[in-house]
2 protein chains.
Amino acid sequence: MNTDQDLKPQVKRKRGRPPKEVGGRGVTRECLVRKGIELLTAHGYASTGIDKVLKAVGVPKGSFYHYFSSKDDFGRAVIDGYGAFFAAKLDKWLLDETSAPLQRLRNFVDDAKAGMERYEFRRGCLIGNMGQELGGTHDVFRGQLEAVFLDWQSRIENCLIAAQDAGEISSNADCAELAAYFWIGWEGAILRAKLVRSTRPLDLFTNAFFQGLPTKG
Amino acid sequence: MNTDQDLKPQVKRKRGRPPKEVGGRGVTRECLVRKGIELLTAHGYASTGIDKVLKAVGVPKGSFYHYFSSKDDFGRAVIDGYGAFFAAKLDKWLLDETSAPLQRLRNFVDDAKAGMERYEFRRGCLIGNMGQELGGTHDVFRGQLEAVFLDWQSRIENCLIAAQDAGEISSNADCAELAAYFWIGWEGAILRAKLVRSTRPLDLFTNAFFQGLPTKG
DNA sequence: TTATTATTAGACCGATCGTCTATTAAATGT
DNA sequence: ACATTTAATAGACGATCGGTCTAATAATAA
């Protein structure tokens, strides 16, 4: 994994505007954001230098400040990119009509768990990481990160409402609250899973979550 | 709050070993660790430079590397200091025989909640912060941070066992697992509380936690 | 053809980290 | 009393790195 096959050509370029690459239209910016997601998730915002991202993608420094006005601006783009990427992943699982609603949620959880294992519990969730690192100090990021959580949360909420409609959980259940509870515990479990390098915290939380859901009534 | 009344004298000092301060015996190191706890909790490990700590305490750089061999060494001392400080806080509440076991846990939670509010949800928990920031990459810190969690966890576990003995919760309950679950959710709630600058996530989690405890049977 | 825009190359400044030497007071030994 | 060793501080230093800025040049539009 991560064989760096998706980066810009490492060929030595001349200065100035480069000759028009047929396939490459705005590819650079997207590559930067993609690498940013990868590196910020793994090492955090403060610890990840611009240079690291640039070197990993094979793009010179000058380009960076053409596409982004500052590191913060880049950070915002990275958060948006990750938020959208993960929202799509949520939809993929939670809107899958071939499974019952609660099973969809389980499927998502299993997929996310597999992702944690695949990266050896080194990355976790970019939004959780940046929230922890910058939520207390950086107001702009704080609002943006919370907005991403609310977006994800509403997708879980909709899935729980579907479960209600399907009679899987009680019609009295407060799905919005349960969805909020889900993300609180899930992010806490990811943090702990990084420390113990195991899915145990994830299993512990999700088992309790599903078991605690109000049964039909 | 934080009126900086607890730092070393800012007076211009001469070089060389300073005259023996009557009260001050090894005070410098302790001051550094204390400020370290404060600054690392607020801004994270990577973002907090040695110089910031030194300036805040009014100690020159030369002293730092007399007491600590490196920044990592300092980080370890800070983690230990915070771990011990918080363990004492836990004991203060959880071993308070004047309340029933579960009430002790509620008291601790209320106190921690008040602490979050006092700092306007800007700091959170040093162990959670550093775990998020470095748990995935820094092996030494990772082990140390997990050890702190296990220590805190055992204190919660003991309190839950006392609750069992008092008949407050079921004798079938797995107190070790419940204690692990408590910290997973609590840390997740802190993270979220920083983002929304409100105790709601903390309330949401703790209410669910207490309500989900297996009733006596 | 000329002007403008997009994109790159890399210099630049300041901050940070950790080391190093010099300095001086206390503690210790004789 | 004196010499020696140890504890603790002052602060300069070099290497590195992060973020910003200027100059250069090809594509594009007027």
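Order of the sequence lines sets the chain letters (A, B, ...), proteins ahead of strands, with each chain counted from 1. Keep in mind that this is a model prediction, so the values were computed, not measured. Values below: all heavy atoms of this structure, side chains included; hydrogens, waters and symmetry mates excluded.
At the heavy-atom level, A:G62 lies under 4.0 Å from base atoms of the strands shown. Across all strands shown, B:T48 has heavy atoms under 4.0 Å from sugar-phosphate atoms exclusively, and none from any base. Counting non-hydrogen atoms under 4.0 angstrom, B:S70 reaches nothing in the nucleic acid.
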N/O donor to acceptor pairs below 3.5 angstrom from side-chain atoms of residues 195-203 of chain B, sequence neighbours left out:
from   : atom 1 : to     : atom 2 : distance (Å)
B:R197 : NH2    : A:D139 : OD1    : 3.0
B:S198 : OG     : B:R200 : N      : 2.8
B:T199 : OG1    : B:D203 : OD2    : 3.1
B:D203 : OD1    : B:K113 : NZ     : 2.6

What donor-acceptor contacts under 3.5 angstrom involve side-chain atoms of residues 174-191 of chain B, with partners at least two apart or in another chain?
from   : atom 1 : to     : atom 2 : distance (Å)
B:D174 : OD1    : B:A176 : N      : 3.2
B:D174 : OD1    : B:E177 : N      : 3.1
B:Y181 : OH     : A:Y181 : OH     : 2.4

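In the helix from C:dT1-D:dA30 to C:dT30-D:dA1, the terminal helix axes, each the rotation mapping four pairs' C1' atoms onto the next four within five end pairs, subtend 0°, rounded to 10°.
B:R29 places its CZ atom 13 Å from the P atom of D:dT9, with the value rounded to the nearest Å. In this structure, CD1 of A:I50 is placed 5 Å from P of D:dG19, rounded to the nearest angstrom. Atom CG in A:L54 sits roughly 11 Å away from atom P in C:dA9 (whole-Å rounding). Here D:dC17 presents its C1' atom at 11 Å from NZ of A:K55, a figure rounded to the nearest Å. Look at CZ on A:F64: it is 16 Å from P on C:dA9, rounded to the nearest Å. Rounded to whole angstrom, the span from the CG atom of A:D51 across to the P atom of C:dA9 amounts to 14 Å. Taking atom CG of residue B:D73 and atom P of nucleotide C:dC17, one finds them 15 Å apart after rounding to whole Å. Residue B:F68 contributes atom CZ, which lies 15 Å from atom C1' of D:dT9 at whole-angstrom precision.
Scanning for ring-ring contact (aromatic ring centres under 6.0 Å, His included) contacts around A:F108 gives A:F86, with sequence neighbours left out. Every residue was checked against the salt bridge (Lys or Arg N to Asp or Glu O under 4.0 Å) condition with B:D96, not counting sequence neighbours, and none meets it. Residues that satisfy the side chain to side chain contact (heavy atoms under 4.5 Å, CB included) test with A:A87, not counting sequence neighbours, are A:D151, A:W152, A:R155. In terms of the side chain to side chain contact (heavy atoms under 4.5 Å, CB included) criterion, B:K92 has no residue partners (sequence neighbours excluded). Partners of A:R76 under the side chain to side chain contact (heavy atoms under 4.5 Å, CB included) rule, at least two apart in sequence or in another chain, are A:D72, A:D73, A:V140, A:F141, A:Q144. Not a single salt bridge (Lys or Arg N to Asp or Glu O under 4.0 Å) links A:E157 to another residue, sequence neighbours left out. Scanning for side chain to side chain contact (heavy atoms under 4.5 Å, CB included) contacts around A:S63 gives A:V59, A:P60, A:Y67, with sequence neighbours left out.
For the segment residues 133-142 of chain A, no residue has any heavy atom less than 4.0 angstrom from an atom of DNA chain D.
Taking only side-chain nitrogens and oxygens, B:Y65 never comes nearer than 4.0 Å to OP1 or OP2 of C:dT19. Close to C:dA6, at under 4.0 Å from its OP1 or OP2, lies no side-chain N or O of A:H66. Distances shorter than 4.0 Å separate none of the side-chain N or O atoms of A:Y67 from OP1 or OP2 on C:dA6. For A:S63 and C:dT8, the shortest distance from a side-chain N or O to OP1 or OP2 is below 4.0 Å.
A donor-acceptor contact closer than 3.5 angstrom links the side chains of A:Q103 and A:N107.
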Nucleotide N/O of nucleotides 11-14 of chain C paired with protein N/O under 3.5 Å:
none

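Using modelled atom types, one side-chain atom of A:E133 and one backbone atom of A:A46 make a donor-acceptor pair closer than 3.5 Å. With hydrogens and angles disregarded, a donor-acceptor distance shorter than 3.5 Å links the side chain of A:N129 to the backbone of A:R123.
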